[in-house]
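Quick note: numbers below take in every heavy atom, side chains included, and nothing from hydrogens, waters or symmetry partners.
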Amino acid sequence: MTFRVSTGVAAIAALLMLSSMSVAAEAPAAADQQYVWDLTDLYQTPEAWTAEHAKIKGAADKLKQYKGTLGKSADSMFKALDAISHVNKETQRLYVYAGLKADEDLTNSPAQERRQLGQALFTEFSENTAWLAPEILSIGEKKVNAFLKANKQLSARFDFFLHDTLRAEPHTLGAEAEGVIAAGGNVAQQPDTVRGQLAHSDLPSPTVTLSDGTTVKLTDQAYTKYRQVENRADRKKVFDAFWGAYQNYKNTFGANLTTQVMLAEFNAKVRKFPNALSAATFSDNMPEGVYRTLVKEANEGLPVLHRYLKLRKQMLGIKDDLGYEDLYPTMFKQDQKLKFSVADSERIAIDALQPYGEEYLSLLKKGFAGHWMHAYPGEHKASGAYMNGSAYDVHPYLLLNHNDDYEALTTLAHEWGHAVHTLLTHDAQPFEKSNYSTFTAETASIGNEMLLNDYMVEHAKTKNEKLYYLGQGLEAIRTTFFRQVMFAEFQLAIHEEMEAGRPLSGDRMTSIYCDLVRKYYGEAQGITKINPTYCAEWEYIPHFFYGFYVWQYATSMAGAAQLTDDILKNGAPARDRFIALLKAGGSDYPYNLYKKAGIDMATPEPYRKLVARMTHILDEIDELQKQN
Ligand SMILES: [Zn+2]
């Protein structure tokens, strides 16, 4: 979390958790006490939380008294920012406890109420400090720089925040206009809510009967499960019914997503950005060129994705055209399910991450030894997986739903990548510079996934097991890179339609999406044949309502590919650059931090490294297949 006091509550809540994109574990197992987190490191009891909450609420109320004092002197500015920062830090600690306690058991009412109190405290904090950025802007760069020179504490902790605030000057409006925009904040949240209501309440989930006689109601969760079934006719049935249902609502989904695009365009226009993309890349100060390089390079890499699809077709024994419904079943079936307990996963993670060296590994081991993780599924527990590192003075906490499969092992390595990143950052940076960007965060975690996958391939006990891990490595690149870039390209395309003054609709969006699916999956090259009904998929993706979001995963994966490649080839110096990137936290913008680590995200190199990784995996599979 940076010292961005103007951030909205929803955004703060989202940023607090670096959640994995993986699907929730299915079969709940009994919680193992060894792998339940100990929240007494945050507060001894819920009563202690309540007492601290009252204290910080009182302190938040008093922050208004600093209004108008920042420009008096360097010391006066430091005093105000220090007080504000303290309330921010403690509010986050309160919110971490409230959130974790609520996620342990979603039916626990006092815990859910505590979470609401935590959110309300964030809102109160934001309201009581809403004057801060305008005041800094009115003081101006010259005076701020003079203050930074005059007060060492001020510059050590607040220089990045102050410069970042001043950077927003050309895009900050007068007090009256800012007030009007803030007052419309709730309206801007509505398209996301409407999409959720439509997809999860109003849209009737279709029912299908599979070849074995099972009847399945195709909710989103059931779709995720049944799209993987081995029987191809069943998969087709699932796809036809599921996407057919979405197609019936394309007009409403289309009008709603159009509203979201309009809001982004409106925001960009009133804040004097040339377009919505440039507004979206502003907060991370990411050059817009990175987005365009990403899309261009993913397109250049499509022949390698197509090579993978040809292999998939062959492995699944498909004689006619490969379809969109053939992407999810595993290519290399195992006779026995590969199983990893949490203890196994920890042991494997330590071995697999050896290339990161002692400093990293000692933090990982320290984390495993502490009770920081709520690892196994449980009744009423929150689904999914995340690392929450917002309690700056304490340590990270992790929620998993470990169900002992390879995906669970991968998720554990991923989330602990976030945790060690947090530890390194917190050791090296003051609170005010501890909030790292999603771009560097996901590089740290996806890098772990890559090293893990390489390790599993290398240590596989049988050829078939090796093939399985190689196949998983391919799927990771398809889903975290190519699929996300396809989404990113779609998002950019619908924005550019509006910027060019062309009308948007559900039909138009479906047509744009269909063209992209056909291009990515190689229909013109005869690799696949895409059923147009399945082009309703865009209606199903909630991320289009989070701004330009998905490209961060794809970009981070490319960064991770170049970094891990560099570490494996060049050893210590490359590893040190990587550790320095993690330690830098939020002390600089991600583009600059990558550059210091030897990576220019605006050049083709990182993306090509990732595509080369995919080629390498495909070569390995070919080599193994020949050994028959
Ligand atoms: Zn992550």
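- Ring geometry for Tyr549 versus Tyr546: interplanar angle over 60°, hence perpendicular rather than tilted (30 to 60°).
- Between the side chain of Gln228 and the backbone N or O of Tyr328 there is no donor-acceptor pair closer than 3.5 Å.
- Between the side chain of Lys433 and the backbone N or O of Asp159, no donor-acceptor pair lies under 3.5 Å.
- Taken from NZ in Lys463 to CZ in Phe332, the straight-line distance is 9.5 Å, to the nearest 0.5 Å.
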Discussion item. Under the criterion ring-ring contact (aromatic ring centres under 6.0 Å, His included), I'd like the reasoning laid out for His171 against Phe282: C-alpha separation, chi angles, the key distance, then a yes or no.
Written reply: CA-CA 10 Å; His171 307 291; Phe282 183 80; 5.0 Å; yes

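- Separation of atoms CG (Leu327) and CZ (Arg478) is listed at 4.5 Å; rounding is to 0.5 Å.
- Under the 4.5 Å side-chain criterion, counting only non-hydrogen atoms from C-beta, Val290 is in contact with Trp551.
- A salt bridge between Asp393 and Lys89 is present, with a side-chain N of the basic residue lying under 4.0 Å from a carboxylate O of the acidic one.
- The shortest side-chain heavy-atom distance between Leu474 and Arg307 does not fall under the 4.5 Å cut-off.
- Test Glu359, His421, Gln429 against Lys583 for side-chain hydrogen bond (donor to acceptor under 3.5 Å, both in side chains) and you get one pass: Glu359.
- Evaluated for a ring-ring contact (aromatic ring centres under 6.0 Å, His included) with Phe544, the options Tyr513, Trp538, Phe490 yield exactly one hit, Phe490.
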Practice prompt. Walk me through it: do Leu338 and Met456 pass the test side chain to side chain contact (heavy atoms under 4.5 Å, CB included)?
Written response: CA-CA 11 Å; Leu338 299 158; Met456 299 310 281; over 6 Å; no

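- The local environment of NZ in Lys366 is sparse, with at most 12 non-hydrogen atoms from other residues, nucleotides or ligands closer than 6.0 Å.
- Between Trp416 and Trp372, the angle of the ring planes stays under 30°, which puts this pair in the parallel group of the 30/60° scheme.
- With Tyr291 contributing its side chain and Ala488 its backbone, the two residues share a donor-acceptor pair below 3.5 Å.
- Residue Leu610 is tested with Glu605, Met557, Glu297 for a side chain to side chain contact (heavy atoms under 4.5 Å, CB included); the sole match is Met557.
- The CG atom of Leu581 lies 7.0 Å from the OH atom of Tyr594; values are rounded to the nearest 0.5 Å.
- No side-chain donor-acceptor contact under 3.5 Å links Arg575 to the backbone of Pro355.
- Aromatic ring orientation, Tyr397 versus Trp37: perpendicular (interplanar angle above 60°, classes split at 30° and 60°).
- Counting all heavy atoms, side chain and backbone alike, Arg312 lies closest to Met331 at CA-SD, 3.5 Å.
- Put simply, the side chain of His306 gets close to the backbone of Gly522: a donor and an acceptor are under 3.5 Å apart.
- Proximity of a side-chain donor or acceptor of Asn401 to a complementary backbone N or O of Gly384 within less than 3.5 Å is detected.
- Between Tyr392 and His426, the two ring planes are tilted [angle within 30° to 60°].
- Atoms CE and CG, from Met450 and Asp454 in turn, are 8.5 Å apart once rounded to the nearest 0.5 Å.
- Between His402 and Tyr35, a ring centre-to-centre spacing not shorter than 6.0 Å is recorded.
- Counting heavy atoms of neighbouring residues, nucleotides and ligands inside a 6.0 Å radius, atom NZ of Lys519 exceeds 12 of them.
- The ring of Phe439 has its center no closer than 6.0 angstrom to the ring center of Tyr589.
- In this structure a side-chain-to-backbone donor-acceptor pair under 3.5 Å is missing from Glu465 to Gln334.
- One finds the CZ atom of Phe340 at 11.5 Å from the CG atom of Asn403 (value rounded to the nearest 0.5 Å).
- A donor-acceptor pair is defined here as one N or O able to donate and one able to accept, closer than 3.5 Å; no such pair exists between the side chain of Lys569 and the backbone of Ala574.
- Residue Thr479 holds its OG1 atom at 11.5 Å from CE of Met486, rounded to the nearest 0.5 Å.
- A salt bridge does not link Asp588 to Lys595: none of the charged nitrogens lies less than 4.0 Å from a carboxylate oxygen.
- Looking only at distances, a side-chain donor or acceptor of Ser341 sits under 3.5 Å from a matching main-chain atom of Asp344.
- Glu449 places no side-chain N or O within donor-acceptor distance of the main-chain N or O of Ala413, the cut-off being under 3.5 Å.
- Taking both residues in full, the closest heavy atoms of Gly559 and Ile599 are given as O-CD1, 3.6 Å, listed atom of the first, atom of the second, then distance.
- Side chains of Leu277 and Glu496 form no contact here, defined as non-hydrogen atoms less than 4.5 Å apart.
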